[in-house]
Protein chains: 2
Amino acid sequence: MPTPLEKARQYPDSIKATILTEARRLFGEYGYHGTTTRMIAKAVGIDISTLYYHWGEKKDLFEAVLTDIDQEIEDKLKEIEKQVRGKSIKVRLEVAIDVMCDYWFSKPEVSNLIINRYISKTRHDLSFDLKVPEYISNIAIAMKMAFDKQSIAIADKAKIIAVWNSVFNFVSGENYFRPLLNISHDDYIQVVKDTLKFILLPAFTKNM
Amino acid sequence: MPTPLEKARQYPDSIKATILTEARRLFGEYGYHGTTTRMIAKAVGIDISTLYYHWGEKKDLFEAVLTDIDQEIEDKLKEIEKQVRGKSIKVRLEVAIDVMCDYWFSKPEVSNLIINRYISKTRHDLSFDLKVPEYISNIAIAMKMAFDKQSIAIADKAKIIAVWNSVFNFVSGENYFRPLLNISHDDYIQVVKDTLKFILLPAFTKNM
DNA sequence: AGATATTTCCATCAAATGATGGAAATAATT
DNA sequence: AATTATTTCCATCATTTGATGGAAATATCT
């Protein structure tokens with residue numbers, strides 16, 4: 001028996017899936033309290049009660065969105081892990097930066113939601129949360145910093161967190177930083193990749 | 001004739017200043033739409049209409065908060081600039097990291113507001129904005145990457161943005177990352193400083 | 001002390017927002 | 001075609017939220 005979320009993913013053109021997509025986009029853009037159920041319904045082109053019919057109350061819809069991107073991130077990280085397996089640390093980092101950039105830039109709302117999730121409190125407390133801790137551990141292992149989740153040094157975890165975060169600001173802050181650099185979207189992505197490599201590679205290729 | 005903001009800063013114990021402080025804290029914690037005027041009034045311990053009497057509508061109060069931290073950041077950066085002037089790039093970075101960490105960690109709401117400002121849209125559009133572009137330029141010059149604001153290379157600006165952002169995630173994400181590292185607040189700050197130095201120093205001391 | 005100015009709060013509004021019941025419309029099943 | 005199940009929308013509620021007028025209280029000035 002598939003969950004509502006699995007069903008929605010299975011039929012991307014279904015109304016259920018469309019709602020999820022628009023909700024994701026808007027929650028990412030305006031935050032939880034900045035997004036109203038009416039905004040979502042309007043974006044989808046349906047009545048507000050239809051939205052409630054499909055996903056229940058706002059909080060539930062938001063949690064569905066989080067669960068959705070959580071799964072997506074996990075898949076993406078596994079994919080990256082496969083791509084870099086066996087490569088040198090330099091190549092591992094380069095590929096990871098390229099792939100992560102391409103991915104987050106294609107779905108900026110995911111980046112927004114992640115950042116928002118750990119900086120902004122919500123008035124109503126939500127039960128669900130992203131599995132960022134797991135991502136961090138998995139990356140540490142993929143980067144050969146440790147063999148199992150239990151034995152990752154604090155300093156190493158912190159380094160991964162730094163790498164992990166470094167991409168998001170550029171993605172989520174594009175509207176803010178791009179005018180400052182005065183370049184196109186595509187050029188911006190390239191500059192970000194170059195910058196991240198410039199900063200991250202020396203640290204991880206030299207001292208480790 | 002002092003502006004309301006200058007007046008508030010002049011008398012930190014005045015009700016006007018207290019409102020500003022609490023508003024700042026709450027806006028930082030819950031975001032613009034996540035913070036209600038009633039929450040602020042309650043935190044200050046006054047009636048909601050008293051709040052409106054002092055700062056006008058919500059949007060105006062929020063802009064006052066932004067203007068306030070904008071000034072504070074500018075002052076802090078000037079202070080850092082003085083401290084690092086004439087030092088080597090290595091020392092400049094080390095000192096900047098230490099001072100910036102100490103400062104943002106003592107006022108996490110500033111970090112929150114900055115990040116929030118460039119990732120989350122607001123339903124009502126606000127006229128005022130932080131002068132992040134100026135900060136970036138000033139840092140670039142302080143770091144000796146250029147002589148005047150006009151001649152800063154795009155790549156260099158991007159590097160500064162990366163440095164500039166690297167601190168915020170750790171500050172704003174403390175509640176999220178610290179449990180993951182399972183250490184005290186003070187230890188967390190130290191780990192962050194060490195991590196940032198580990199990552200940033202090699203890049204800027206070697207290739208430039 | 002009395003007059004004036006400032007500050008505070010109570011009561012209240014209007015609009016926005018989350019949420020639902022139930023009828024109408026559509027689709028699926030027999 | 002008739003019956004049943006699903007989906008959609010209209011109308012409407014109850015709260016929440018931003019905002020204000022005006023009386024009461026406090027402070028300031030003469």
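Note on naming: letters A, B, ... go to the chains in the order of the sequence lines (proteins, then strands), and numbering restarts at 1 for each one.
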Taking side-chain contact (heavy atoms from CB on, under 4.5 Å) as the definition, give me every residue that meets it alongside A:Thr195, ordered by chain and number, with sequence neighbours left out. A:Phe170, A:Val191, A:Ile199, B:Ala158, B:Lys159, B:Ala162
Would you confirm whether the ring centroid of B:Phe204 sits within less than 6.0 angstrom of the ring centroid of A:Phe198? yes
Is a salt bridge present between A:Arg25 and A:Glu109, judged by a nitrogen-to-oxygen distance below 4.0 Å? no
Between C:dT17 (P) and A:Leu61 (CG): distance, integer Å: 16 Å
Atom pair distance, as rounded to whole Å: NE2 in B:His124 and P in C:dA15: 14 Å
Mind calculating the distance between OH (B:Tyr30) and P (D:dT16) to the nearest angstrom? 16 Å
Strand contacts (DNA chain D) in residues 31-41 of chain B, 4.0 angstrom heavy-atom criterion: B:Thr35, B:Thr36, B:Thr37, B:Arg38
Answer with yes or no whether the side chains of A:Glu134 and A:Asn138 bring together a donor and an acceptor at under 3.5 Å. no
At their closest point, which heavy atom of A:Lys58 faces which heavy atom of A:Tyr52, and how far apart are they? N-CE2, 4.3 Å
What is the distance from CG of B:Leu126 to P of D:dG18, rounded to the nearest Å? 13 Å
When you measure from the side chain of A:Arg24 to the backbone of A:Val110, do you find a donor-acceptor pair of N or O atoms at a distance under 3.5 Å? no
Return yes if a side-chain donor-acceptor contact under 3.5 Å exists between A:Asp47 and A:Ser49, otherwise no. yes
Taking DNA chain C as the partner, which of residues 44-60 of chain B come within under 4.0 angstrom of it by heavy atom? B:Ile46, B:Asp47, B:Ser49, B:Thr50, B:Tyr53, B:His54
Locate the shortest heavy-atom distance separating A:Asn116 from B:Ser120; write the atom from each residue and the value. ND2-OG, 3.2 Å
Separation of A:Ile15 atom CD1 from C:dA27 atom C1', in whole Å? 15 Å
